[in-house]
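Each ligand, and each atom within it, is numbered from 1 in the order the structure gives. Worth saying up front: this structure is predicted, and the values here are computed from it rather than measured.
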Amino acid sequence: MNISGTARFISDLHLTSERPDLTARFATFLANTASEKISSLFILGDLFDAWIGDDDLAQPLHAEVCELLRRLHEQGTQVFFIAGNRDFLIGDAFARASGMQRLSDIEKVGAGDTPQNLAPVSEKPLRETAVIIMHGDTLCTDDTDYQSFRQLVRNPAWQADFLAQPLTERRAQAVALRQKSKVATREKSQDIMDVNADTVQKVFAASTCRRLIHGHTHRPGYEKMMLADGAAERWVLSDWDTHRGDALEMDAAGNIRRIDLSR
Ligand code: LP5
Ligand code: MN
């Protein structure tokens, strides 16, 4: 797999049938990505607001997004996906249908490199331009309630049980869970729901990469930090909403720029 050209990164679109404006923006973004001949698109989780199983493909929104992704893939852009906390149940069937390649939770991407699973930590030396990519939820280690919840729902046995239930039942459970999450996040402090600085440092310590791109926190930004062995940078993607939304673009030389998609 060659990603020697330009790569784009997006996350937290939270596509839902209730927000056709966001799907329209996604369609425009993908059409531009194809016409700009971008070689790889990395979707870093929460593409969908909720995903309850690949057998829910008959939903018009799901079929539409699947078709949009497939078209981009057929026009020559490789599409990669890292799961978010809303769409971790996206499986092989949706990946195959959309032409998207699923990646593991943390990967490294370097101009001309193949994404490589960082768990266990790779011994291979990295190019300076390489970036670590992830959804970002695993960095929020102060949010211990969320981390226990994550451990439960990322368990393959739990997922098999959940997926064995009828779609209507799963849909109802997802609605109930969203409600619980809304209450829980209202009660948590903003600090608890942000990344933990030590956890970010540990991610860098486990790699020779010194650049990180993630989403999840819905706090778009850029942070430069000093580690014991030099500088590191953290790029945070925005979620997509009215007047919000972005993509990061990395050219073949490794330069990263932010593209404003909010208008
Ligand atoms: O999503 P967001 O931004 O609101 O909040 C997240 C964390 N919440 C979640 C839960 C998702 O919102 C729910 C996604 C539903 C779609 C997927 C459906 C497929 C599975 C269905 C399972 C029934 O990820 C939130 C974080 C926040 O980000 C910031 O990082 O704080 O974490 C929580 O709210 C978790 C709570 O703190 C603890 C969990 C309470 C529910 C416990 C029920 C456990 C049993 C689940 C099975 C029924
Ligand atoms: Mn998320």
Note: ligand 1 atoms sitting under 4.0 Å from heavy atoms of Trp158 are 22 (C), 47 (C)

Hey, looking at atom 36 (C) of ligand 1, which of His216, Arg150, Gln147, Lys188 has the closest heavy atom?
Lys188

Report, in ascending order of atom number, the atoms of ligand 1 lying under 4.0 Å from any heavy atom of Lys180.
41 (C)

Would the His214 and Trp235 ring centres measure less than 6.0 Å apart?
no

State whether Ser11 contributes an N/O/S atom found under 2.8 Å from the Mn ion (ligand 2).
no

Can you name the atoms of ligand 1, numbered from 1 with element, that are less than 4.0 Å from a heavy atom of Ala50?
16 (C)

Applying a strict 4.0 Å limit to heavy atoms, is Val153 in contact with ligand 1?
no

What atoms in ligand 1 come closer than 4.0 Å to a heavy atom of Ala184?
34 (O), 36 (C), 37 (O)

The protein heavy atom nearest to atom 14 (C) of ligand 1 is Arg86 CD, 3.6 Å

Look at atom 10 (C) of ligand 1 and say which protein heavy atom is nearest, naming residue and atom and giving the distance to 0.1 Å.
Ser181 OG, 3.7 Å

Would you say Asn85 and Asp137 are linked by a side-chain donor-acceptor pair, where the criterion is simply a distance under 3.5 Å?
no

Can you list the atoms of ligand 1 that are under 4.0 Å from a heavy atom of Trp51?
18 (C), 19 (C)

Side chains of Arg8 and Asn32: is there a donor and an acceptor less than 3.5 Å apart?
yes

Between Leu89 and ligand 1, find which residue part has any heavy-atom pair under 4.0 Å and reply side chain, backbone, both or neither.
side chain

Could you tell me, atom by atom, which parts of ligand 1 come under 4.0 Å of a heavy atom of Thr185?
5 (O), 25 (C), 26 (C), 27 (C), 31 (O)

A student checking ligand 1 against Gln173 at a 4.0 Å heavy-atom cut-off should list atoms 23 (C), 48 (C)

Has Asp46 got an N/O/S atom less than 2.8 Å from the Mn ion (ligand 2)?
yes

Looking at atom 45 (C) of ligand 1, what's its closest protein heavy atom, distance included?
Leu152 CD2, 4.0 Å

Is the centre of the Phe94 ring less than 6.0 Å from the centre of the Phe48 ring?
yes

Are Thr199 and Thr141 linked by a side-chain donor-acceptor pair shorter than 3.5 Å?
yes

Tell me whether ligand 1 is touched by Asp137 - counting only heavy atoms on the residue side and a distance under 4.0 Å.
no

Does ligand 1 have an atom that lies less than 4.0 angstrom from a heavy atom of Lys182?
no

To which of Tyr146, Phe162, Phe149 does the heavy atom nearest atom 32 (O) of ligand 1 belong?
Tyr146

Trace of the salt bridge (Lys or Arg N to Asp or Glu O under 4.0 Å) decision for Arg19 with Asp49
CA-CA 10 Å; Arg19 290 294 304 268; Asp49 201 45; over 6 Å; no

Apply the side chain to side chain contact (heavy atoms under 4.5 Å, CB included) test between Leu212 and each candidate in Val236, Ile106, Leu139, Val131; give the one that qualifies.
Leu139

